[in-house]
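All values below were derived from every heavy atom in this structure, side-chain atoms included, with hydrogens, water molecules and symmetry-related copies excluded. Not measured: the values here are computed from a predicted model.
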Amino acid sequence: MSKLRPTGEATPRTDPLVPGADALSGRLRRAPENFLTPDEIGQVGKGRRDFLRASFLAAAGATAMATLGGSAAAAAAPADAAGDPDILNPTPWGSSLGQPVAANPYGLPSKHERGLVRRQSPGLTQVAAASVSFTPLQGLFGIITPSGLHFERHHQGWQDIDPTRHRLMINGSRPEFVKTPRVYTMDDIMRLPPVSRMHFIECGANTGMEWGNVAVPTVQYTHGMLSCSEFTGVPLRTLLEYCGADLKAAKFVLAEGGDGSSMTRTIPIELVLSGEVMVAYGQNGEMLRPENGYPLRLVVPGVQGVSWVKWLRRIEVGDRPYAAKDEAVHYIDLMPDGQHRQYSSIQECKSVITSPSGGQTLLDKGYFTINGLAWSGRGAIKRVDVSVDGGINWTQATLQTPVLSKCLTRFTLPWNWDGRPALLQSRAVDETGFVQPAYGQLRTVRGTRSIYHNNAIQTWQVAESGDVNNVQIL
């Protein structure tokens, strides 16, 4: 690993394009996915990475046509000098009758986008019902994750619950904490005045496989336990007030899920009092998907996803942390001195470049747009700096609107690749002044044996061949 460290101030950028760059130059081949064999997965686990480039190149040739509907091959070959036949000749879709209205009563993506799906990382877990599927960040635009591509993390599989039978109970650990315990039906909750907000949700284990060394090849697997949606529901505080909860005496609430794992998490009352914590039934303009907690889930902005309890069935008001299984022995941080840090649930400031990123290939020199996402569990993103030389020099990127608190923020920076090797990094700063750390800085404090809460700077190495690989810089 290089000893370079990302230091120094970023140079502000005001130009819309790199001076002298041809905006039509620079072509990118998307990353082939889901091609690692069980043997190769074992090699990754042992820290061996030399086979990754060969695997990508072989997979690219075999899967590009099937996955991208021929677009990769088209991108690799410039139009014939005599003219582009798709311009000069009639096309089938331009000279025939199209599909009728509502041919698909619930709209579906194009068949040409069938390769853009969430994927389970093979070999990560032994039981599919207690596993993870990753969002394909490399293929998304803007900040909203389509509901069908939202990452999944389940502890005992997902359920599709009959909403007419689902109930939410609110009670106190002692009678004085809740004056009037109550059971809400979905109709009770959905008749109340709703609020809608956009927030990111990130699993505490996102990027967890990268703590000790490079382990996975693409951004879907390094950072794909991350999604962002517009959620609709009722503030939890409102429901507690209706039940006569003593919000001055209360210190914590316990959220419990209705699935087989009965996921339970402690939430500090300060978050509830802020009004941000929401009992949500809506996502991206429709009801929650079953994989995302239908018909009711908790939304806890800025806090790791395990606290966003799905299939929410009970809230208990108390005065002390509950030390539930998944906060006493799981989702804790192993520190260098051997101690475990508990209740470290805030997702710190973080960012990642999604394009160009691991597994992709720059097919020729020229103009590219460096594209990525930034987020912070403590508020809004203030600035994102980008480096193409491994952190020696930084340039301030453009933040695309909207820039919202505890929400994904899209950033872009024009870049003219001259064909020489490059090391692409992004470094986010949030409104509290927190600066995203390099791996060396993070490991000085946290060591290398953690699983959770890895917010280190990600590096993508661009080789002279144009291949983009996952590397780490201290």
Side-chain angles (χ1 to χ4, degrees), residues 5-13 143 197-208 223 225-229 231 235 237 251-252 266-278 299-308 331-333 335 341-353 372-387 391 394-413 425-446 450 452-458:
R5 298 185 64 162
T7 58
E9 294 298 318
T11 302
R13 186 192 61 77
I143 60 174
R197 303 191 190 99
M198 288 187 281
H199 292 297
F200 79 85
I201 173 175
E202 181 183 21
C203 179
N206 199 26
T207 323
H223 290 74
M225 285 189 272
L226 169 74
S227 296
C228 185
S229 296
F231 293 98
R237 177 172 182 164
K251 302 299 181 184
F252 301 92
T266 299
I267 311 294
I269 196 66
E270 290 81 8
L271 296 179
V272 177
L273 294 178
S274 73
E276 287 189 339
V277 179
M278 184 193 309
V299 169
V300 193
V303 171
Q304 61 187 349
V306 68
S307 294
W308 296 42
Y331 295 90
I332 57 179
D333 301 315
M335 305 299 283
R341 184 177 67 168
Q342 295 178 315
Y343 299 104
S344 52
S345 59
I346 298 294
Q347 297 296 93
E348 300 289 359
C349 187
K350 190 171 178 180
S351 69
V352 66
I353 293 171
L373 295 166
W375 61 99
S376 172
R378 298 192 184 275
I381 292 296
K382 179 182 179 181
R383 191 180 80 243
V384 176
D385 304 325
V386 171
S387 175
W394 296 90
T395 301
Q396 187 171 333
T398 297
L399 302 185
Q400 305 296 324
T401 55
V403 178
L404 303 172
S405 179
K406 303 176 184 178
C407 182
L408 291 188
T409 297
R410 177 71 63 174
F411 65 87
T412 59
L413 182 75
Q425 296 181 330
S426 62
R427 179 182 67 184
V429 182
D430 68 20
E431 62 182 345
T432 71
F434 184 99
V435 180
Q436 184 181 2
Y439 264 103
Q441 295 168 320
L442 188 63
R443 286 172 178 159
T444 297
V445 178
R446 298 279 305 283
S450 286
Y452 305 102
H453 311 121
N454 179 356
N455 67 320
I457 290 172
Q458 171 67 41

Spacing of Cys407 atom SG and Ile201 atom CD1 [to the nearest 0.5 Å]: 13.0 Å
Any non-hydrogen side-chain atom of Phe252 less than 4.5 Å from a side-chain atom of Ile269? no
The criterion is side chain to side chain contact (heavy atoms under 4.5 Å, CB included); which residues satisfy it with Phe434, sequence neighbours excluded? Glu348, Cys349, Asp430, Thr432, Pro437, Asn455
Taking all heavy atoms of Ala374 and all of Ala428, pick out the closest pair and write down the distance. CB-CB, 4.1 Å
Between Glu202 and Trp375, the two heavy atoms sitting closest are OE1-NE1, 2.8 Å
For Arg197, all residues meeting side chain to side chain donor-acceptor pair (under 3.5 Å), sequence neighbours excluded: none
Between Gln400 and Val403, what is the shortest heavy-atom contact and its length? O-CG2, 3.8 Å
Taking the side chain as C-beta and beyond, is there a heavy-atom pair between Ile143 and Pro402 under 4.5 Å? yes
By side chain to side chain donor-acceptor pair (under 3.5 Å), which residues pair with Thr409, not counting sequence neighbours? none
Asn454 vs Tyr439 side-chain heavy atoms within contact, under 4.5 Å: yes
I'd like to know if the side chain of Arg237 reaches the main chain of Val272, judged simply by a donor and an acceptor atom lying under 3.5 Å from each other, with no hydrogens or angles considered. no
Evaluate the side-chain proximity of Phe411 to Ile381: yes if any heavy-atom separation is below 4.5 Å, no if none is. no
To the nearest 0.5 Å, how far apart are CG in Leu271 and OG in Ser307? 9.0 Å
Mind running side-chain contact (heavy atoms from CB on, under 4.5 Å) on Val300 and Val277 for me, showing each step along the way? CA-CA 5 Å; Val300 193; Val277 179; 4.1 Å; yes
Would a distance-only check, ignoring hydrogens and angles, find a side-chain to backbone donor-acceptor pair under 3.5 Å from Ser376 to Arg378? yes
To the nearest 0.5 Å, what is the distance between CG (Leu373) and SG (Cys228)? 8.5 Å
Using the test side chain to side chain contact (heavy atoms under 4.5 Å, CB included), find all partners of Ser344 that sit at least two apart in sequence or belong to another chain. Asp333, Arg341, His453
State which residues pass side chain to side chain contact (heavy atoms under 4.5 Å, CB included) with Val306; sequence neighbours excluded, sorted by chain then number. His155, Met263, Arg265, Gln304, Tyr331
Nearest-0.5 Å distance that lies between atom OG in Ser426 and atom CG in Leu413: 11.0 Å
If I take atom NZ from residue Lys251 and atom OG1 from residue Thr266, how far apart are they, to the nearest 0.5 angstrom? 15.0 Å
Please answer whether the main-chain N or O of Val384 pairs with a side-chain N or O of Gln396 as donor and acceptor at a distance below 3.5 Å. no
The residue among Glu276, Gln347, His199 that forms side chain to side chain donor-acceptor pair (under 3.5 Å) with Lys406 is Glu276
List the atom of Pro301, the atom of Val299, and the distance in Å for their closest heavy-atom pair. CD-O, 3.5 Å
Under 3.5 Å: donor-acceptor pair, side chain of Asn206, backbone of His223: yes
Please examine the side chains of Ile353 and Gln425, heavy atoms only from C-beta on, and report whether any two atoms are closer than 4.5 Å. no
Are side-chain heavy atoms of Arg427 and Val435 found at a separation under 4.5 Å? yes
Which residues satisfy the side chain to side chain donor-acceptor pair (under 3.5 Å) test with Glu431, sequence neighbours excluded? none
Going by side chain to side chain donor-acceptor pair (under 3.5 Å), name the residues that satisfy it together with Trp308, two or more places apart in sequence or in a different chain. none
Taking the side chain as every heavy atom from C-beta outward, state whether Leu226 and Leu408 have any atom pair closer than 4.5 Å. yes
Side chain to side chain contact (heavy atoms under 4.5 Å, CB included) against Ala205, all qualifying residues, sequence neighbours excluded: Cys203, Met225, Ile451, Tyr452
